[in-house]
A.B. asks: 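I'd like to ask you about the structure that follows.
Please read all numbers here as calculations on a predicted model, not as lab measurements. The first residue in the sequence is number 1, and the count goes up from there.
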Amino acid sequence: MSERRGRFREELSNLPLAPGCYLFKDKTGRILYVGKARQLKKRVSSYFQKVHLDRPKIELMMDKIDSFDIIVTKTEVDALILEKTLIKKHDPSFNTDLRDDKSFPYLAITAEEQYPRIFVTRELHRKGTVYFGPFTNVAALRATVDVLRSAYPIRTYNRKRGSGRALPFNEYHARWVLNPGEAVSDPAEYRKIIQKVIDLLEGRDTGLLRELRARMSAASGRQEYEVAARMRDKIEAVEYLLEGQKRITRDKVDRDVIGLAEADGSVYARVLFIRNGKMIGSRGYALESDQIEKDVLGELIERAYSDIDRLPAEILLPGRVDNNEVIEEWLSAKKGRKVSLVVPVRGAKKELVDLARDNAEYAFQLYRARGRGGEERATWLLGELKKDLGLAALPHRIECFDISNLQGTETVASMVVFENGKPRKSEYRRFRIKRVTGQDDFSSMVEVLKRRLSHVGRDEPGNKFAVRPDLVVVDGGKPQLSAAIQAAAESGLKGVSIIALAKREEEVFFPGMADPLRLPREAASLNVIRHLRDEAHRFAVTYHRGLRGKTMLASAFDGIPGIGPAKKKALIEHFGSPSAVASASVGELAAAPGISAELAERVHNALRGGLV
């Protein structure tokens with residue numbers, strides 16, 4: 001056990017004393033167990049502090065754990081909901097005792113009855129009933145119901161038909177009605193009381209809390225400390241109830257939230273996924289110092305969403321992105337509906353960004369504690385690739401290619417390079433397809449790979465690509481794989497390992513094999529080639545989008561009266577680029593050679609009104 005704890009000592013020391021969920025994983029990255037905790041540090045550490053001989057299943061799980069991850073939440077209730085979501089999503093092998101929703105207590109109000117009642121239940125199937133919860137402590141929940149009964153004349157028993165009870169409040173005349181003799185028998189008046197209870201439960205009315213605090217203060221002033229203590233207990237009960245009702249967001253908009261943590265020239269990002277107002281998971285991204293460009297957030301968004309089709313309606317960010325409008329247009333086109341990039345400055349959305357930042361910081365500490373960039377980790381990853389893909393040698397240099405086009409126009413390709421499991425951005429390359437017309441991904445892939453592989457082995461000055469790749473990965477399925485094989489053959493390159501990774505099912509295709517390989521979804525080897533594919537796709541899409549923007553912007557000049565080829569060229573040379581022309585003010589445009597004030601205003605209105 002000391003060896004087991006020693007291995008994770010630094011990671012455990014960096015865990016927060018905060019609520020959340022923890023995920024234990026094996027060496028392939030497969031999730032073994034999902035749990036929730038009121039304090040993550042204490043709960044996760046407890047697994048490593050003793051031998052679980054009395055629970056053989058736990059001891060077996062501990063022997064398989066290779067790493068763990070955490071997701072920090074606002075409250076323990078949020079952790080409970082997230083735990084259930086993660087278990088249903090990943091189906092971990094050691095979570096066989098998963099309880100369904102009815103295992104947790106809820107507060108129910110029979111809203112459609114003439115005299116609605118309030119009670120604690122574990123069932124969620126009653127029609128016309130409003131549910132609040134779930135809650136983690138049924139005893140505390142029942143105590144809270146008692147507080148509500150003492151404050152409001154509400155019905156808790158189930159009055160059966162034909163019972164002969166004329167009024168639903170007899171039991172409260174003696175004990176619970178605040179003003180004896182004023183029991184409410186009018187259904188409309190009673191409905192107002194129930195609405196006050198619902199408003200309280202939904203956080204819209206804190207009048208009861210104010211009243212209880214005033215009573216506690218008055219009792220304390222009179223030195224009636226027992227009465228004050230009872231008021232304090234009631235306050236805590238109501239606060240527990242309200243805490244249980246805090247959703248991640250009260251609206252039901254699907255949104256992602258991005259948080260960043262930076263240190264020593266590196267950036268770690270955490271994306272929280274919120275659906276229907278509840279957090280359902282997260283994903284981390286590490287950007288090492290040699291990967292960081294000027295616009296970190298923009299690069300992160302392109303990487304995270306380049307290969308995702310089901311996008312949220314809103315993405316919350318810690319800061320503004322360069323080319324914000326262009327990225328929003330790209331995301332909206334992928335989704336088919338508007339996707340907004342939002343930088344909140346206050347309120348619940350700002351709290352979500354802060355929560356994402358906290359998650360990023362905690363995850364960054366774990367990432368650094370594990371030494372993910374170390375040689376030992378890289379060697380292990382290459383070994384996993386060699387084993388799972390059946391390679392003859394460790395793939396120290398991997399190159400991945402992707403094709404991007406829009407309805408057959410501006411077809412481009414990208415090449416990304418990983419060395420020892422890490423991106424080598426200085427050797428990334430972009431290609432404009434020259435010899436293929438129309439939308440022909442097969443011929444485009446052949447052209448690009450021939451242009452790249454023809455440089456292998458050539459001892460020429462300035463030839464950076466004489467080096468032979470250990471593994472070539474192409475984005476796609478059998479057609480793309482066939483194109484890569486053809487290009488390698490026509491380039492005279494023999495013996496290079498080539499695979500294709502299909503998007504939808506993450507299947508790996510090999511030369512000469514009829515059926516693809518399906519690696520476990522969390523396998524480390526699949527994560528590496530998926531990262532390669534995503535990076536190549538992002539790099540190609542970025543290039544393609546840039547060319548589209550330049551083409552659209554340049555063509556916009558052609559429709560402006562008074563702007564011919566000469567003045568268009570002069571404007572671009574004066575400002576440096578078409579986008580700089582579009583960003584210029586009327587005064588700056590008028591200062592350009594050959595541009596009058598009237599023409600400057602015409603150019604400004606045309607470019608700003610139509611494109612930017």
Side-chain angles (χ1 to χ4, degrees), residues 285 287-288 290-295 298-309 323 326-327 330-331 333-334 395 397-419 421-436 439-456 464-465 467 469-477 479-481 483-484 486-488 491 496 498-503 506 509 528-551:
Y285 298 87
L287 301 175
E288 301 297 341
D290 62 344
Q291 295 175 255
I292 299 175
E293 298 176 354
K294 181 179 178 181
D295 182 17
E299 182 175 349
L300 170 67
I301 292 173
E302 290 170 1
R303 174 182 295 187
Y305 297 101
S306 62
D307 200 40
I308 296 178
D309 295 324
N323 298 320
V326 176
I327 294 180
W330 169 58
L331 293 172
K334 285 175 65 67
R397 181 183 177 91
I398 311 174
E399 297 178 4
C400 185
F401 297 82
D402 182 40
I403 304 293
S404 176
N405 61 63
L406 179 67
Q407 298 176 348
T409 64
E410 294 287 4
T411 302
V412 301
S414 67
M415 179 186 84
V416 301
V417 180
F418 275 31
E419 287 194 353
K422 292 181 62 176
R424 190 175 180 84
K425 298 196 79 169
S426 63
E427 297 194 12
Y428 283 17
R429 289 294 182 271
R430 292 171 170 139
F431 303 83
R432 295 188 76 164
I433 304 303
K434 300 177 180 179
R435 304 181 183 90
V436 180
Q439 187 171 346
D440 186 346
D441 287 357
F442 180 92
S443 299
S444 298
M445 184 66 77
V446 172
E447 176 185 328
V448 168
L449 280 164
K450 285 179 66 176
R451 287 164 62 182
R452 157 64 185 109
L453 298 178
S454 62
H455 290 279
V456 173
K464 294 184 178 180
F465 295 100
V467 61
D470 298 309
L471 175 65
V472 170
V473 180
V474 294
D475 179 22
Q480 287 75 18
L481 178 63
Q486 177 179 324
S491 302
V496 64
I498 303 175
I499 64 170
L501 179 64
K503 285 186 177 70
E506 305 286 18
F509 291 87
V528 173
I529 53 179
R530 185 191 290 133
H531 186 184
L532 268 160
R533 189 270 316 280
D534 293 348
E535 183 75 346
H537 188 67
R538 177 196 68 80
F539 201 53
V541 167
T542 304
Y543 182 40
H544 186 262
R545 195 169 63 243
L547 290 178
R548 278 182 59 208
K550 288 179 181 179
T551 301

A.B. asks: Are Pro423 and Tyr428 side-chain neighbours, meaning at least one heavy-atom pair lies under 4.5 Å?
C.D. replies: yes
A.B. asks: Please enumerate all residues that pass side-chain hydrogen bond (donor to acceptor under 3.5 Å, both in side chains) together with Glu427, with sequence neighbours excluded.
C.D. replies: Arg397, Arg424
A.B. asks: Within this structure, what is the CD1-CD1 distance for the pair Ile301 and Ile327, rounded to the nearest 0.5 Å?
C.D. replies: 5.0 Å
A.B. asks: Within this structure, what is the CG-CD distance for the pair Leu501 and Gln480, rounded to the nearest 0.5 Å?
C.D. replies: 11.0 Å
A.B. asks: Supply the atom-to-atom distance Asp402 CG to Glu535 CD, rounded to the nearest 0.5 angstrom.
C.D. replies: 11.5 Å
A.B. asks: Calculate, to the nearest 0.5 Å, the distance between atoms CG and CG belonging to Leu532 and Leu471 respectively.
C.D. replies: 8.0 Å
A.B. asks: Salt-bridged, Arg429 to Glu399, with N to O below 4.0 Å?
C.D. replies: no
A.B. asks: With Ser443, which residues qualify under side-chain hydrogen bond (donor to acceptor under 3.5 Å, both in side chains), at least two apart?
C.D. replies: Asp440
A.B. asks: Between Val496 and Leu453, is the side chain to side chain contact (heavy atoms under 4.5 Å, CB included) condition met? List the steps.
C.D. replies: CA-CA 10 Å; Val496 64; Leu453 298 178; 5.6 Å; no
A.B. asks: Ala536 and Val416: which non-hydrogen atoms are nearest, and at how many Å?
C.D. replies: CA-CG1, 3.6 Å
A.B. asks: How long is the span from the CE atom in Met445 to the CD1 atom in Ile403, to the nearest 0.5 Å?
C.D. replies: 4.5 Å
A.B. asks: Atom CG of Asp534 and atom CG of Asp475: how far apart are they, to the nearest 0.5 Å?
C.D. replies: 8.5 Å
A.B. asks: In chain order, what residues pass the side-chain contact (heavy atoms from CB on, under 4.5 Å) check against Ala500, with sequence neighbours excluded?
C.D. replies: Val474, Leu481, Phe509
A.B. asks: Could you tell me if the side chain of Ser414 sits less than 4.5 Å from the side chain of Val448, heavy atoms only?
C.D. replies: no
A.B. asks: Quick check against the 3.5 Å criterion: does Ser454 have a side-chain atom that pairs as donor or acceptor with the backbone of Arg451?
C.D. replies: yes
A.B. asks: Taking all non-hydrogen atoms of both residues into account, name the closest pair between Asp470 and Pro395 and its distance.
C.D. replies: CB-CA, 3.6 Å
A.B. asks: Parallel, tilted or perpendicular for His531 and Phe418, by the 30°/60° rule?
C.D. replies: perpendicular
A.B. asks: Work out which heavy atom in Ser491 is nearest to a heavy atom in Lys450; give both atom names and the distance.
C.D. replies: OG-CA, 3.7 Å
A.B. asks: To check you understand the geometry: which heavy-atom pair defines the closest contact between Lys334 and Tyr305, and what is its length?
C.D. replies: CE-O, 3.1 Å
